[in-house]
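Heads up, the thing below is written out as C-alpha cells.
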Amino acid sequence: MLNRTQAPDFKQVSTINFIQPEKTFLDNDIAVFTTYSGEQDLVRIEFIFNNVNWNPDKPLQAIAVSAMLNNGTKKFSSKEIAENIDFYGAFFQTEYGQDQSTVTLYSLNKHLASVLPIVKDVLSDSQFPQKELDIYIQNQKQKLQVNLQKNDILSRKEFSHALFGDTAYGVDIQLKHYDAVKRDDLLDYFKAAYQPDNCTIIVAGKFNEESFSLLNAQFGKNWEKSEAVKNNFSFEPSKRTEVYKEKSESLQSAIRIGQLAVNRKHEDFAGLQILNCVLGGYFGSRLMNNIREDKGYTYGIGSGIVSLKNAGYFFIATEVGTDVCSAALTEIYKEINLLKNELVEEEELELVRNYMLGSMLGSLENVFSHADKFKNIYFAGLDYSYYENYINKVKTISAEEIRNLANKYLKTETFTEVIVGRK
Amino acid sequence: MANYHKSGNLIMKQFRNSTIHLSLLPMVDFNRFTLSNGLRVLVHEDATTPMAVLNILYDVGARDEDPEKTGFAHLFEHLMFGGSVNIPSYDEPLQRVGGENNAFTSNDITNYYITLPAENLETAFWLESDRMLSLAFSEKSLETQINVVSEEFKQRYLNQPYGDVWLKLRPLAYKTHSYRWATIGKELSHIEDAKMSDVKAFFHKHYNPKNAILVVGGNVKTEDVKKLAEKWFEPIPSGEKYLRNLPQEENQTEARVETVRANVPLNAIYVAFKMPGRLSNDYYAYDLLSDILSGGKSSRLHNSLLKEQQLFSDINAYISSSLDPGLFIVEGKLVEGVSIERAEAAIWAELEKIKTELVAADELTKVKNKVESVLVFSEMNLLDKAMNLAYYELLGDADILNKEAAQYLKVEAEDIKRISKETFEKNSSSTLYYLTDEHA
C-alpha cells in the first residue's frame, strides 16, 4: 500500500560541473572567451566594455550612449540597422550595467556572416544623430515621469542614493539630467569606451574556427583604440539614514532597507549569501514565511546581496498594505534580530544547503548560463576556485558562523531605511 | 532576491514562442501515454541537463469562473500551496531536495511546474500527486492567501500608473464571454468573500486526472517516468471531465469608446479588435501581422508613429492568444502636447495602409525569419519545452508544436491583407482613452 505521508528518498547534489571557456585573442589583442556547445545552430556574442571617465555632472553619458548605439552610423540610418538585423532574425541588444556596458548579438549560425558587419559598423562608427537624440530624450523623460509614480522605483532611487551618493551606483536621475544631454558628450564617451583596449568578447554557442575568422575579420582590425580611465569609487561606511516619502493616495507602501556589505572578492561573501538565503533569499525564507505566508501583509518580500566592482550591499525590499506598514517593519527587524541572537536549527540549515546546491545546479541550464557564470568571476577578478569555495561553504557552514555573519553585517543601527507611501 | 510566485497572470505572448520549424531544426521529441484514470502523460528526454521538470497543466482558467466570484481560479492556485491531504507543507520538502516551483493562472489555463535535480524526481511526483488527490483545505491558508492576493491586486493593478487598464478594457471589449474579467478578478470584494465551500467545490470540479496534462522533461527515461506515474498518479480517482459550455460573444457591430481620467503623467490610448481563437487557421497570420506592425525597431508603428511623426513615446501591437476568440490590441502613450484625436487618426492610417496595400515580400520574410530564430532559441530552455508540450496537448496534440513552422511559412501577403480587412473595422473596435487628470 502506497504511503503518501512518507517522503521519497533523495540525494544532496554532489557534483556540479562548470564548463570553462577557451581564451583566444583577436589580431588587435581583444580577449575572446568561448564556451562551445553544438546543440543548437546558434550563437550569442557579447561585447563588454568597462564604464569609464565618470563625470557626476553628466550622469547620463554612458546610459545614453548604450541606449542610442544602434541609432545610426555614417553608413546606415537607425531604421536600416534595425531592418538589417531583423531581416536575418538576429537580436541586437544594448545593456547598461553599473560597472560594464554590454552589446549582445544573438544569431543563427547561418546568418552570422551577414550580421557581424552591421554590429562592427555600430560599434566603431555610431553617430548619435541629433534628431534621434531629441526623440530619445523626449521619450525617456516621458518614461521617467511614469516611473516616478511607482513607489517601488522611488524607493530604489532613494536607497541607492543614500548608499552611493552621486556616483554611477547612486546618482538620482531626474528630468533635468535628460535636458542636459549633448550630442558631443555622447560622441566623446563613445570614443573613449567603445574601443578595442576596453573590450572583452564573451561567446557562447556553436562557434567554430570559421566563426572565429568572421569575428576576427570584423573586430580584429580597423577599429581605433583610445584611452580612458575606468570608473573607480570608494564609499564611507553606512550610517543610520531614514527616508520617508509620503504619498497620500497610496494603497501600498514600498519598503527598502539595507546597508553596504562586501562584494564577491571578500572571503565572507559566500557565507553572506547563505545568511541572505535564510533571511529572504528564497520562497521558504523567514521573511516570506512570516510576512507573506503567515501574516498576509504582502504579495512578496525578499532580500539580496549585490556584488559590484567597487562595493557590495545588502537589501530587503517589499510592498505592503499601508495599514500594515509599521507592523511589517517590526516583523522585518524581529527576523533580523533572531538571526543575530539565535542559532539556525540544523533542519533549516540542511534545507537551505540542499536548496542552494539544487539552485546552483539548475542555474547551469545551457551554454549561455555557463558563460554567465564565467562573467561573474572574470569581471570580479576571480577564477573558478570561487565556485569551489562557494559550494564547499554551502555544504559546511555552521550555525555559529551564520550568527556571527549576521552580527557583523546586519547592523540595524547603521541601516538605511526607505519608505515610500504611507506609514 | 526571491521571485514571488504562486502568482499572477500569464503575460500576454508568453505562449507565442511556438513558431517556425524548418526541416533542419531539431524537434521537441516526446513519448506519450495515458493512465487508466485518464491522466495524459508526456515525456521529453533531454540528457544534456542534470535537471528534471515536472509540469502539470489543469484545464481551468478565469474564463470558467462564476461572474459573481471572479478571480477564483487564481486565488485557488495560491491555495494549492497551502498543504495537501497527506503532506502539510508543499514547498519545504521540495526545497529540501534542491527543487523550486512556480505556477501561473491565465484566462484559459492554470499551470504548475517544478524544477529539481533529476535524481530527486520522485519527490516531485509525491508532492504533485498528493495535491491532485486532495488538499488540506486549511482555513488559515485561505485567510492568509485572501490577504496575499488582495495585496497582489493592489501591487499590480491598483497602485501602479495605468495598472487597471485591463480591468477597464476587458469589460469594454467583451459583453457576454467570461473573458470580460481579468484573472485577478473584477474587484477586491470577490476575493475577500471567498469561502471554503467554494474552494472545495472548485477543487472537485476541476482538479482531477481527466482535466490535467502531465509533462516530465529533462534527464529522465520514459520507462522510469511511467513507473512513477503509475505509482503516484494512477491510484487517484479519475473524477468527472469538466465540460465547458461558455456563452460566446456576439458579433460586435458598433464602435465602443470609454474614457478614463486618472492621476497619470501621460495620455494613453488602447484599441482592441476581435480576432479568432488560438485554434483558427488564421492564428499564424495574426501573429505575423502583430510582428509586422510592432515587432521591434524595424516595425511599422515604431518607425512611423514614434520615430517619424513623433506622436507616441511608446507604441505596441500584440495579440492575446486566447483559446476562445481573442483580442488584437494596439496601445500607445502619447507625446506631451499631441492631441488624442491626432494620435488615434495616425494609428488608423497605419491600419488602413495594411488593409489596402500588400506587405512587401522582404517585410514578410523578415518576420518569418524572426519567428524561426525565436523557436531555435526557445529550445535551449527545458521548462519552456515542457510547458509548450502541455499547452499544445491541450490544444489537441502536442505534436502541433512541431508542425507550427510550416503554418507560419504558409502565410502569404494576401492573408495579411485579408485578415487586416476583416479585423481593423471601427465598428468592431473598443477604444479606451486613458487620460491624465491635468489634461481634463
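In what follows, chains carry the letters A, B, and so on, assigned in the order in which the sequence lines appear, proteins first and then strands, with residues in each chain numbered from 1. From a predicted model like this one, the values you see are computed outputs, not experimental measurements.
The distance from the CD atom of Gln252(A) to the CD atom of Gln155(B) is 5.0 Å, given to the nearest 0.5 Å. Going from atom OG of Ser285(A) over to atom CG of Asp91(B) covers 10.5 Å, rounded to the nearest 0.5 Å. From Lys297(B), atom NZ reaches atom CG of Asn70(A) across 4.0 Å, with rounding to the nearest 0.5 Å. To the nearest 0.5 Å, atoms CG (Asn86(B)) and OG1 (Thr5(A)) are separated by 6.5 Å. For the atom pair CD of Glu234(B) and CG of Leu2(A), the computed distance is 12.0 Å after rounding to the nearest 0.5 Å.
Taking every heavy atom of both residues into account, Arg4(A) and Ser129(B) meet most closely at NH1-OG, 2.9 Å. When all heavy atoms of Phe91(A) and Lys370(B) are compared, the closest pair comes out as CE2-CE, 3.5 Å. Closest of all the heavy-atom pairs between Arg96(B) and Phe10(A) is O-CE1, 3.5 Å. Across Gln138(A) and Gln310(B), no two heavy atoms sit closer than the pair OE1-OE1, 3.9 Å. Nearest heavy atom pair, residue Ser373(B) against residue Ala90(A), reads OG-N, 4.5 Å. Across all non-hydrogen atoms, the minimal contact from Gly358(A) to Met51(B) is O-CE, 4.0 Å.
The shortest distance between side-chain heavy atoms of Lys140(B) and Asp294(A) falls below 4.5 Å. Between Asp314(B) and Asn139(A), every side-chain heavy-atom pair lies at or beyond the 4.5 Å cut-off. No side-chain heavy atom of Thr49(B) sits under 4.5 Å from any side-chain heavy atom of Glu365(A). You'll find the side chain of Leu108(A) reaches within 4.5 Å of the side chain of Val376(B), heavy atoms only. A heavy-atom distance below 4.5 Å is not found between the side chains of Arg156(B) and Glu319(A). The closest side-chain heavy-atom distance from Glu293(A) to Gln145(B) is below 4.5 Å. No side-chain heavy atom of Gln160(B) sits less than 4.5 Å from a side-chain heavy atom of Gln149(A). Side-chain contact between Val149(B) and Tyr299(A): absent, with no pair of heavy atoms (C-beta onward) separated by less than 4.5 Å.
For Leu228(B), no part lies under 4.5 angstrom from a heavy atom of chain A. Contacts of Ser78(A) with chain B are made by side-chain atoms alone, with heavy-atom separations under 4.5 Å and no backbone atom involved. Contacts of Phe377(B) with chain A are made by both backbone and side-chain atoms, with heavy-atom separations under 4.5 Å. With a 4.5 Å cut-off on non-hydrogen atoms, Val320(A) touches chain B through its backbone but not through its side chain. Contact annotation for Asn120(B): only side-chain heavy atoms (C-beta onward) come within less than 4.5 Å of a heavy atom of chain A. Contact of Val324(A) with chain B is not made at all, since no heavy-atom distance falls under 4.5 Å. Contact of Leu133(B) with chain A is made through the side chain alone, with heavy-atom distances under 4.5 Å.
In this structure, Asn159(B) contributes its side chain and Leu251(A) its backbone to a donor-acceptor pair below 3.5 Å. The closest donor-acceptor contact from the side chain of Asn366(A) to the backbone of Met380(B) lies under 3.5 Å. Between the Glu151(B) side chain and the Gly321(A) main chain, a donor and an acceptor come within less than 3.5 Å of each other.
A donor atom on one side chain and an acceptor atom on the other are found under 3.5 Å apart for Lys307(B) and Asn71(A). In this structure, a donor-acceptor pair under 3.5 Å is absent between the side chains of Arg292(A) and Thr144(B). Between the side chains of Gln142(A) and Ser313(B), at least one donor-acceptor pair of N or O atoms lies under 3.5 Å. Using a 3.5 Å distance cut-off with no hydrogens or angles, the side chains of Glu100(B) and Tyr282(A) do not pair a donor with an acceptor.
Pairs of residues two or more places apart, or lying in two chains, that qualify as salt bridge (Lys or Arg N to Asp or Glu O under 4.0 Å) and include a residue from residues 137-151 of chain A are Lys141(A)-Asp179(A).
The greatest number of non-hydrogen atom pairs below 4.5 Å with chain A, out of Leu382(B), Val335(B), Thr365(B), Thr123(B), is found for Val335(B). Counting heavy-atom pairs under 4.5 Å between each of Val148(B), Val264(B), Thr48(B), Asn147(B) and chain A puts Val148(B) at the top. When each of Asn381(B), Leu116(B), Thr115(B) is checked for heavy-atom pairs under 4.5 Å with chain A, Asn381(B) comes out on top. Interface summary for chain A: among Glu143(B), His302(B), Gln95(B), the most heavy-atom pairs under 4.5 angstrom belong to Gln95(B). With chain A as partner, the option from Ile146(B), Leu127(B), Asp130(B), Val85(B) having the largest number of non-hydrogen pairs under 4.5 angstrom is Asp130(B).
Scored by the side-chain hydrogen bond (donor to acceptor under 3.5 Å, both in side chains) test, Lys247(A) finds no partners at all (sequence neighbours excluded).
Counting heavy-atom neighbours within 6.0 Å of Glu347(A) CD, excluding the residue itself, gives a total of 12 or less. Atom CD of Glu249(A) has 12 or fewer heavy atoms from other residues, nucleotides or ligands within 6.0 Å.
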